[in-house]
Amino acid sequence: MMTFYHAPQSRSGRTMWLIEELGVPYETRYVPIVYGGGPGDGGAGSRAAGNAHPDGKVPAIVDNGALVTEGIAIAIHLTDLHPAAGIGAPVGTADRGAFLAWLAWNASEFEPLVAMLKFVPNALENPRTADSLVAVMRRIDQALAAGPYLMGDRFTAVDVMIGATIGWGREVLPENAALDAYLARIADRPAHAAACAKDAPADAVQAA
């Protein structure tokens, strides 16, 4: 059985949602994220006991003996292994390029921008940041105008990863009725509800 390393109420919650969407059996190991490690580690988190992630972070999985870390890598790995779930884009299919591009865009463009807007005071006073926000919102708006999901008619792992980022940063993004309707649509999925219920049970929070 696959082992999933997860910190309650962290970004690994979207990976739990992804696994629930795939419908594959897994065991969750609830682990803490330890910040401010010892001298010489550059301030990076220390690795808590029992966490397989080499940097002491989440998410991580051990699947058939293979350790895979980082949300985008796990999303690609698992959707490739379980094509029957229908939320990936197998190698050789027409939408494979778009699928990979969306996942990379979330990690390299969208999520860093949302983090900046959330945590850097007056971030939008920088014209480049303001222009970036316009550009990312245009890309999302265009995708949602073409279909109920980011890749058209089909819900995919792209909606899990980017939808979770949108939900995390909704308060710093512009008012947008289509975006709110999209968030409600993906939050209504049974796998999302299942992941939310398993994300941070009281005993797991105490253990982590």
Side-chain angles (χ1 to χ4, degrees), residues 1-38 41-91 96 99-100 102-108 110-112 115 155-168 186-208:
M1 180 181 294
M2 181 174 67
T3 302
F4 167 51
Y5 295 85
H6 167 65
Q9 300 175 340
S10 75
R11 288 188 302 171
S12 60
R14 64 189 177 186
T15 300
M16 181 176 277
W17 176 13
L18 174 75
I19 297 170
E20 289 288 335
E21 291 282 357
L22 291 168
V24 298
Y26 69 102
E27 173 193 8
T28 303
R29 298 275 180 89
Y30 294 91
V31 295
I33 303 173
V34 181
Y35 295 99
D41 71 356
S46 299
R47 180 172 168 176
N51 189 354
H53 195 299
D55 300 324
K57 299 179 181 179
V58 290
I61 63 169
V62 174
D63 186 26
N64 196 27
L67 171 65
V68 186
T69 67
E70 319 315 321
I72 182 174
I74 294 171
I76 296 168
H77 173 82
L78 290 179
T79 55
D80 281 355
L81 280 180
H82 304 283
I87 65 167
V91 174
R96 175 71 172 188
F99 179 78
L100 296 178
W102 273 114
L103 292 176
W105 177 83
N106 186 59
S108 64
F110 186 46
E111 190 172 34
F155 177 91
T156 69
V158 166
D159 297 294
V160 174
M161 304 301 284
I162 295 178
T165 302
I166 294 171
W168 175 61
I186 61 176
D188 195 42
R189 296 181 65 84
H192 181 268
C196 288
K198 296 177 181 179
D199 176 37
D203 55 347
V205 174
Q206 292 169 4

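These numbers were taken from a predicted model, which means no experiment stands behind them. For this chain, numbers begin at 1 and follow the sequence in order.
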Any residue meeting ring pair (Phe, Tyr, Trp, His ring centres under 6.0 Å) with Y26, in chain and number order, not counting sequence neighbours: none
Parallel, tilted or perpendicular: rings of H6 and F4 (30°, 60°): parallel
Atom pair CD1/NE2 of I74 and H77 - distance to nearest 0.5 Å: 8.5 Å
Nearest non-hydrogen partners of Q9 and A200, listed with the distance: CG-CB, 3.9 Å
CD1-CD distance between I61 and E27, expressed to the nearest 0.5 angstrom: 13.5 Å
Set of residues satisfying ring pair (Phe, Tyr, Trp, His ring centres under 6.0 Å) with respect to Y5, sequence neighbours excluded: none
Residue pair I33 / S10: nearest heavy atoms and the distance that separates them: CD1-CB, 4.4 Å
Heavy-atom check, side chain of V58 versus side chain of T15, under 4.5 Å: no
Approximate separation, where rounding is to 0.5 Å, of I72 CD1 and W105 CH2: 12.5 Å
All salt bridge (Lys or Arg N to Asp or Glu O under 4.0 Å) counterparts of E111, not counting sequence neighbours: R11, R14
Non-hydrogen side-chain atoms of I76 and L103 separated by less than 4.5 Å: yes
Closest non-hydrogen atom pair between M16 and A195, with its separation: SD-O, 3.5 Å
Partners meeting side-chain contact (heavy atoms from CB on, under 4.5 Å) with P90 (sequence neighbours left out): P83, T93
Interatomic distance, T79 atom OG1 to E21 atom CD [nearest 0.5 angstrom]: 12.0 Å
Which atom pairs, one a donor and one an acceptor, fall under 3.5 Å between side chains of residues 155-162 and the rest of the protein, sequence neighbours left out?
from	atom 1	to	atom 2	distance (Å)
T156	OG1	V158	N	3.1
D159	OD1	L150	N	3.0
D159	OD1	Y182	OH	2.7
D159	OD2	T156	N	3.0

Any I166 side-chain heavy atom under 4.5 Å of F110 side chain: yes
Separation between CD1 of I19 and OG of S12, rounded to the nearest 0.5 Å: 9.0 Å
Interatomic distance, L22 atom CG to M2 atom CE [nearest 0.5 angstrom]: 7.5 Å
Using residues 64-71 as the side-chain source, report each donor-acceptor pair under 3.5 Å to any protein atom, sequence neighbours left out, with the distance given to one decimal.
from	atom 1	to	atom 2	distance (Å)
E70	OE2	H53	NE2	2.9

Criterion side chain to side chain contact (heavy atoms under 4.5 Å, CB included) on R96 and D80, from CA distance to verdict: CA-CA 11 Å; R96 175 71 172 188; D80 281 355; 2.7 Å; yes
